[in-house]
Amino acid sequence: MLEVEDVHTYYGASHVLQGISLTIASGEVLTILGRNGMGKTTLIRSIIGFTSPRRGTVRFKGDDITRWPPFRAIDRGMALVPQGRRIFPSLTVRENLDVARTGRRGRWTRERVYELFPRLRERDRNAGNKLSGGEQQMLAIGRALMTNPELILMDEPTEGLAPLLVRQVGAVIGELKREGLSILLVEQNLALALSVADRVHVISRGRVVHSSGPGELMANEEVKSRYLGVA
């Protein structure tokens with residue numbers, strides 16, 4: 001589904017990603033962990049096309065999309081749940097969902113999003129800036145689903161959420177996984193990240209420093225302490 005090979009991404013003279021490589025199979029959840037400022041969001045931006053790599057290759061469903069603009073990646077079947085939600089504050093819930101609809105056929109409609117997030121149905125006519133943080137996160141995920149993607153990039157989807165909502169987001173990710181979606185999940189909540197992941201990469205200073213299954217990482221106290229700050 002996705003292949004990232006030896007990607008180097010810069011911001012000006014700052015060498016942020018220093019040879020990242022990873023793959024995601026169809027229906028797989030790959031979780032990216034790491035401290036703040038280690039390159040996780042830059043990886044997302046490099047994949048979808050906001051910040052193109054200077055070196056390396058990004059392939060999606062066999063196509064080299066390294067320098068594609070984001071709209072082409074989305075048309076091909078990729079979607080983004082960005083850090084900070086980034087919903088349209090002046091549009092209603094319904095309008096936020098409808099504006100994301102593309103010509104791609106699939107099972108995701110506004111009605112299906114409302115089945116997944118009943119609270120959004122209740123808030124259908126409310127503007128985005130009138131929603132709580134949890135409701136905005138539901139809307140950001142629902143908006144991504146409206147494009148009927150095959151791969152979703154999720155950047156810190158539980159950031160700033162109360163524990164109950166964190167569990168709800170985790171349940172939604174699990175449901176999407178069962179439906180066969182591929183997911184690249186950047187997440188700080190270790191328990192949630194490991195509960196949904198098939199594989200885990202830990203990033204430090206723009207490099208992958210550890211790769212394993214979730215159970216192996218949970219048992220590796222040295223990696224958790226050194227790279228994640230978890231005692």
Side-chain angles (χ1 to χ4, degrees), residues 1-9 16-48 53 56-61 78-83 137 140-141 144 149-161 163 165-231:
M1 183 63 68
L2 181 72
E3 182 181 7
V4 176
E5 183 177 356
D6 193 30
V7 159
H8 295 255
T9 302
V16 180
L17 298 185
Q18 302 182 22
I20 294 279
S21 295
L22 59 85
T23 60
I24 301 178
S26 180
E28 183 179 37
V29 177
L30 175 64
T31 294
I32 305 296
L33 296 168
R35 298 176 187 264
N36 289 333
M38 293 295 112
K40 301 186 302 297
T41 293
T42 301
L43 174 61
I44 295 282
R45 293 177 60 88
S46 297
I47 291 170
I48 202 165
T57 306
V58 179
R59 292 186 181 88
F60 178 47
K61 298 197 298 184
M78 190 181 294
L80 172 66
V81 180
Q83 186 178 25
Q137 189 61 66
I141 295 172
E150 295 169 70
L151 170 67
I152 300 183
L153 312 179
M154 292 188 170
D155 193 359
E156 305 282 8
T158 69
E159 184 178 43
L161 299 186
L165 291 172
V166 170
R167 289 195 293 273
Q168 184 175 357
V169 169
V172 167
I173 294 173
E175 175 64 23
L176 298 179
K177 178 181 177 180
R178 285 189 291 274
E179 294 210 7
L181 282 174
S182 302
I183 300 173
L184 178 63
L185 174 65
V186 168
E187 182 54 61
Q188 291 279 16
N189 186 307
L190 183 62
L192 179 140
L194 297 184
S195 71
V196 299
D198 294 301
R199 292 184 297 119
V200 181
H201 289 337
V202 178
I203 290 181
S204 180
R205 299 184 180 181
R207 299 176 182 269
V208 175
V209 294
H210 175 85
S211 299
S212 71
E216 295 170 70
L217 176 59
M218 183 58 78
N220 193 323
E221 299 300 332
E222 180 182 356
V223 170
K224 290 192 297 182
S225 175
R226 182 175 181 182
Y227 296 113
L228 304 177
V230 177

**Message:** Testing the basics here: between Val7 and Ser46, what is the closest heavy-atom pair and its distance to 0.1 Å?
**Reply:** CG1-CB, 4.5 Å
**Prompt:** Under 4.5 Å between any side-chain heavy atoms of Leu194 and Leu33, yes or no?
**Reply:** yes
**Item:** side chain to side chain donor-acceptor pair (under 3.5 Å): pairs with one or both residues in residues 174-194, sequence neighbours excluded
**Value:** Asn36-Gln188, Arg107-Glu179, Arg112-Glu179, Thr158-Glu187, Glu175-Arg178, Lys177-Asp198
**Prompt:** Do His8 and Asp6 touch side chain to side chain, with heavy atoms closer than 4.5 Å?
**Reply:** yes
**Request:** Kindly write out the residues that satisfy side-chain contact (heavy atoms from CB on, under 4.5 Å) with Ser212, not counting sequence neighbours, or none if the list is empty.
**Result:** His210, Glu216, Leu217
**Prompt:** Does the pair Met218 and Lys224 meet the rule for a side-chain contact (heavy atoms from CB on, under 4.5 Å), with working shown?
**Reply:** CA-CA 8 Å; Met218 183 58 78; Lys224 290 192 297 182; 3.6 Å; yes
**Asked** What is the distance from atom CG of Leu192 to atom CG of Leu161, rounded to the nearest 0.5 Å?
**Response** 10.0 Å
**Request:** Indicate yes or no: at least one non-hydrogen side-chain atom of Ile44 is less than 4.5 angstrom from one of Gln83.
**Result:** no
**Message:** Counting C-beta onward and ignoring hydrogens, is there a side-chain heavy-atom pair between Pro53 and Thr9 closer than 4.5 Å?
**Reply:** yes
**Asked** Say you draw a straight line from CG of Asn220 to OG of Ser225; how long is it, rounded to the nearest 0.5 Å?
**Response** 10.0 Å
**Message:** Rounded to the nearest 0.5 Å, what separates atom CD1 in Ile20 from atom OG1 in Thr42?
**Reply:** 10.0 Å
**Item:** Candidate pair Leu22 and Val208, rule side-chain contact (heavy atoms from CB on, under 4.5 Å), full reasoning
**Value:** CA-CA 9 Å; Leu22 59 85; Val208 175; 5.8 Å; no
**Request:** Sort and list the pairs that fulfil side chain to side chain donor-acceptor pair (under 3.5 Å) and have at least one residue in residues 22-32, not counting sequence neighbours.
**Result:** Glu28-Arg199
**Request:** Side-chain contact test, heavy atoms from C-beta onward, threshold under 4.5 Å: evaluate it for Ile24 versus Leu151 and give yes or no.
**Result:** yes
**Asked** Taking side chain as C-beta onward, heavy atoms only, is Ser211 less than 4.5 Å from His201?
**Response** yes
**Message:** Among Ile173, Val200, Leu30, Val81, which residue satisfies the side chain to side chain contact (heavy atoms under 4.5 Å, CB included) criterion with Leu185?
**Reply:** Ile173
**Message:** Once rounded to the nearest 0.5 Å, what's the spacing between atom CD1 of Ile152 and atom CD1 of Ile141?
**Reply:** 8.0 Å
**pair Arg45-Val16: side-chain heavy atoms closer than 4.5 Å** = no
**Request:** Specify the closest pair of heavy atoms between Leu17 and Gly39, including all atoms of both residues, with the distance to one decimal.
**Result:** CD2-O, 3.4 Å
**Prompt:** Does a side-chain heavy-atom distance below 4.5 Å link Val186 with Leu43?
**Reply:** no
**Fill in**
Of all heavy-atom pairs linking Glu156 and Gln137, the shortest is O-OE1, 4.4 Å
**Request:** List the atom of Ala197, the atom of Pro214, and the distance in Å for their closest heavy-atom pair.
**Result:** O-CG, 3.4 Å
**Asked** Quick one: CG on Leu2 to NZ on Lys61, what's the gap to the nearest 0.5 Å?
**Response** 11.5 Å
**Asked** How long is the gap from CD1 on Ile203 to CD1 on Ile32, to the nearest 0.5 Å?
**Response** 5.0 Å
**Prompt:** Would you say the side-chain atoms of Lys40 pair up with the backbone N or O of Arg35, donor to acceptor, closer than 3.5 Å?
**Reply:** yes
